[in-house]
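What follows is a short report on a single structure.
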Amino acid sequence: MIIYLATREVFLQHVREQRIEEEVRERYIAITGHKVAANEFRAWQNSLQCVGNVLQFKEIPRELGVAIEFKIHNTAKRIDLLLSGRNANGAPAAVIVELKQWETVEPTELDGVVRTFLGKGPRETTHPSYQAMSYRALLRGFNTAVVEHGIELQPCAYLHNCLDGRGLTDSRYRPYLEQAPVFLRHDNAAMAAFLRRCLEVGDQGRTIERIRDGKAKPSQQLADSVERMLKGNSDFVLIDEQKVVYEQAIALARQLREGRHTVLLVQGGPGTGKSVVAVNLLARMLGMGLNSRYVSKNAAPRAVYRAKLTGSMRRNEYDNLFCGSACFVGCPEGFYDVLIVDESHRLMTKTIYDKAGENQVKEIIHASKLAVFFLDEDQRVTFDDIGSTAEIEKWSQYHEAQLKREVLPSQFRCAGSDGYLAWLDSTLGIRETANERLDPEAFDFRVFDDPVALHQAIRDRNGGNGARMVAGYCWNWASKYHPNAWDIELEPWGYRARWNLSKDGSVWIMKQGTVEEVGCIHTCQGLELETVGVIIGPDLAYSEGSVATVPSRRARTDQSLKGYKVGLKRDPQAIRLKADAIIRNTYRTLMSRGMRACYVFACDPALNDYLKQTAGQVGSH
């Protein structure tokens, strides 16, 4: 969809008459049937006049194509400004321009992320060069016209209100700036020269129209590239039932039909290889020419599996293959061939930030011909998590979808994992099992009386960078804004630690040196370690012969139990049961991150003793 498309001369005429923003608004209303928000109209007023200051330079081709608000095929992404013509070789070409009204920008430690004033205050957001690059990657990877017509795409960014670009041009952003240059308020002449180098001859917008009319299908180059990365990567080898589930999904993908929905529900606990199957499916579906995405609500699994697949922790062109679960609001029915949804238990109703959407399970099924849901209901860890067998069954029936089911049994995680997980369920009071005692020979589980000794044991196990500390979210994240502050302080033992640093982003668990930090449920769920060290916070205790939860001991900065106090007034019994399940599931999830070993320390001494007793542990560590 394109809101506004004209030649340079027509666009400049609208600018000179000071009605360009009115033209865009009228066309927007005509095409979408919706009103234009006041802040968006002001953005057009401010930005498009400045664009006119650049395009008025005489060296810019008269018949240059000018598109405003180019919506990339069935995504929420809109290219602010797309210019088209032919390059020096006579080939069709287009320039992607990301427009920003920012006045000041600060660098951050996060890859491809800056901080600027947005809305009511400073906020971290994507670097405009990276943003423009990601749009190019989307068009290259999923628009047939770009490949078929050999369209050359060049991204850039224009910050027409910004005078000081030091925060943007910091050396850490060099890889992105080299591919997508940034132009500031005083750079109009330089930007005009750049556009002239990219677009020597105008084409009256024909290249833009070709891109608009292209089909959303993965390019063979993209599919081949992903398949090459997967081959020989030991992290993604399929074992036993994983291969069976993979082939079942492929068989369903071969039967896709327009106007028909199919759902594959794959259930499996920790360590069953759900994510391994998901990433393999993504590669295979792309190889079949199917418009596919890997989906998860949590950013951590997306970032880690992308990094494992590509061999790079830096953001790159493959980011667009990995998306969040809130991307499908308003998506046309069946637009995606396949959506592969990892951690489906974390799906929710509306998005946290803008309250958009209705129900993510419903929206994902609606947006796809085949939806593959990987589910473990015992890993629902916040009030917002709605992913369940019943929820998927309900919306499958609503969409008249064919529903298939598969189960992934335990594989290699938690050696003897069935017994360990059954013992964990019994011990944490999640459900009664026959495993009231843990077989010490089956799994390396140890209880420590001292958190300092526990953390040292994790350091000692970290020879292959596969051991990390995690904890229940019972301590506020003070170091986020005060880097020298300590987050977790356990004074009787002199233990002090910080939550995983924001500079490492979602890949903290893979970074060298982060063994000194402590992760939480939000940054480790869906990921695996060789050895996990778990600090059980004061939200879990042992009292009167059973394990009890204490919701009030969660940190105030944790969003998992948001709404708990209000819920107590409305329906105290139901809200207590829900909070109780979330806390128990949280520790079940944390204590099942280790494939080989789990070491724990509980803040409640009685709980520590109880864990020792049920684990058959004699003495202390």
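Keep in mind the model is a prediction, meaning the values are calculated, not measured. Throughout, numbering of the chain's residues begins at 1 and tracks the sequence.
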Donor-acceptor pair, side chain of Asn87 and main chain of Asn89, under 3.5 angstrom:
yes
Starting at CG of Asp187, measure out to SG of Cys156 and round the result to the nearest 0.5 Å.
11.5 Å
Can you tell me if Glu17 has over 12 outside heavy atoms packed within less than 6.0 Å of its CD?
yes
Any Ile68 side-chain heavy atom under 4.5 Å of Leu81 side chain
yes
Between Arg302 and Glu343, is there a salt bridge with N-O shorter than 4.0 Å?
no
Electrostatic pair Glu21-Arg25, nearest N-O below 4.0 angstrom
no
Please evaluate residues Lys394 and Tyr398 with respect to the criterion side-chain contact (heavy atoms from CB on, under 4.5 Å), reporting the C-alpha separation (whole Å), side-chain torsions for both, the decisive distance (0.1 Å), and the verdict.
CA-CA 6 Å; Lys394 179 177 76 173; Tyr398 175 86; 5.8 Å; no
Are the side chains of Val201 and Pro61 in touch, meaning some heavy atoms are under 4.5 Å apart?
no
Please assess Glu391 against Asn359 for the test side-chain hydrogen bond (donor to acceptor under 3.5 Å, both in side chains), listing each intermediate value before the final yes or no.
CA-CA 10 Å; Glu391 195 74 14; Asn359 181 294; 2.8 Å; yes
Does the side chain of Ile79 reach to within under 4.5 Å of the side chain of Leu139, using non-hydrogen atoms?
yes
Would you kindly say whether Glu377 and Thr389 are connected by a side-chain donor-acceptor distance under 3.5 Å?
yes
Side chain to side chain, Arg260 and Lys369, heavy atoms closer than 4.5 Å
no
Taking CD in Glu209 as the centre, count heavy atoms belonging to other residues, nucleotides or ligands within less than 6.0 Å. Is the count above 12?
yes
Note: Lys297 and Arg346 closest approach over all heavy atoms is CD-O, 2.7 Å
Is any side-chain heavy atom of Ile151 closer than 4.5 Å to one of Asn143?
no
Taking all non-hydrogen atoms of both residues into account, name the closest pair between Ser129 and Ala180 and its distance.
OG-O, 2.7 Å
Does His261 use its side chain to pair, donor to acceptor, with the backbone of Glu400 at less than 3.5 Å?
no
Rounding to 0.5 Å, atoms CZ (Arg210) and NE2 (His149) come to a distance of 5.0 Å
Go through the steps for Asp164 and Thr104 under the test side-chain contact (heavy atoms from CB on, under 4.5 Å), then give the verdict.
CA-CA 7 Å; Asp164 183 356; Thr104 59; over 6 Å; no
Look at the side chain of Arg8 and the backbone N and O of Leu55, then say whether any donor-acceptor pair between them is shorter than 3.5 Å.
yes
Provide the closest heavy-atom pair for Thr108 versus Glu124 in the form atom of the first, atom of the second, distance.
CG2-CG, 4.4 Å
What residue pairs, at least two apart or across chains, pass ring-ring contact (aromatic ring centres under 6.0 Å, His included) with a residue in residues 284-308?
Tyr294-Phe322
Would you say the ring centroid of Tyr135 lies under 6.0 angstrom from that of Phe70?
no
Where the side chain of Asp385 meets the backbone of Thr382, is there a donor-acceptor pair that is under 3.5 Å apart?
yes
When every non-hydrogen atom of Leu264 is compared with those of Leu370, the smallest separation belongs to N-CD1, 4.4 Å
Checking Glu393 against Gln397: is there a side-chain donor and acceptor pair closer than 3.5 Å?
no
Using only atom types and a distance under 3.5 Å, with no angle test, would you say the side chain of Glu23 pairs donor to acceptor with the backbone of His14?
no
Considering non-hydrogen atoms only, spot the tightest contact between Phe194 and Pro181 and give its length.
CE1-CG, 3.7 Å
Can Lys578 be said to sit on top of Phe383's aromatic six-ring, NZ or CZ under 6.0 Å from centre and within 45° of the ring axis?
yes
Under the criterion salt bridge (Lys or Arg N to Asp or Glu O under 4.0 Å), I'd like the reasoning laid out for Asp342 against Lys274: C-alpha separation, chi angles, the key distance, then a yes or no.
CA-CA 7 Å; Asp342 207 358; Lys274 298 185 294 294; over 6 Å; no
Worked check of side-chain contact (heavy atoms from CB on, under 4.5 Å) between Leu230 and Leu309:
CA-CA 6 Å; Leu230 203 59; Leu309 182 66; 3.5 Å; yes
Could you give me the CA-CA distance, side-chain angles and deciding distance for Gln131 and Thr125, then say whether side-chain contact (heavy atoms from CB on, under 4.5 Å) is met?
CA-CA 10 Å; Gln131 192 172 349; Thr125 188; 5.7 Å; no
Could you check whether any side-chain N or O of Arg123 sits under 3.5 Å from a backbone N or O of Leu118, counting only pairs where one atom can act as donor and the other as acceptor?
no
Quick one, Val361 and Phe373 - any side-chain contact, counting heavy atoms below 4.5 Å?
yes
In this structure, are over 12 heavy atoms from other groups packed under 6.0 Å from Arg212 atom CZ?
yes
Check Glu200 against Ala88 and note the closest heavy-atom contact, atom names and distance.
OE2-CB, 3.6 Å
Are side-chain heavy atoms of Ile250 and Leu281 found at a separation under 4.5 Å?
yes
Among His366, Glu358, Gln360, exactly one meets side chain to side chain donor-acceptor pair (under 3.5 Å) together with Lys362. Which residue is that?
Glu358
CD (Gln255) with more than 12 external heavy atoms under 6.0 Å
yes
CG of Leu64 to CZ of Arg62: how many Å apart, nearest 0.5 Å?
12.0 Å
Side-chain (Gln204) to main-chain (Ala6) donor-acceptor, under 3.5 angstrom
no
Could you walk me through whether Tyr158 and Ser47 pass the side-chain hydrogen bond (donor to acceptor under 3.5 Å, both in side chains) test, one step at a time?
CA-CA 9 Å; Tyr158 181 34; Ser47 297; over 6 Å; no
Check the orientation of Tyr130 and Tyr176. Use parallel for under 30°, tilted for 30 to 60°, and perpendicular for over 60°.
perpendicular
Scan side-chain atoms only and decide if Glu40 and Trp44 contain a donor-acceptor pair under the 3.5 Å cut-off.
no
Check whether any side-chain N or O of His345 sits under 3.5 Å from a backbone N or O of Arg380 as a donor-acceptor pair, and report yes or no.
no
Any donor-acceptor pair under 3.5 Å linking the side-chain atoms of Ser560 with those of Asp558?
yes
Once rounded to the nearest 0.5 Å, what's the spacing between atom CZ of Phe142 and atom OG1 of Thr144?
12.5 Å
Check whether any side-chain heavy atom of Val266 lies under 4.5 Å from a side-chain heavy atom of Val277, and answer yes or no.
no
Do Asn320 side-chain atoms and Ser134 backbone N/O form a donor-acceptor pair below 3.5 Å?
yes
To the nearest 0.5 Å, what is the distance between CD1 (Ile60) and CD (Glu9)?
11.0 Å
Tell me yes or no: between the side chains of Gln101 and Asn46, is some donor less than 3.5 Å from an acceptor?
yes
Hey, could you give me the CD/CD distance between Gln179 and Gln154, rounded to the nearest 0.5 Å?
8.5 Å
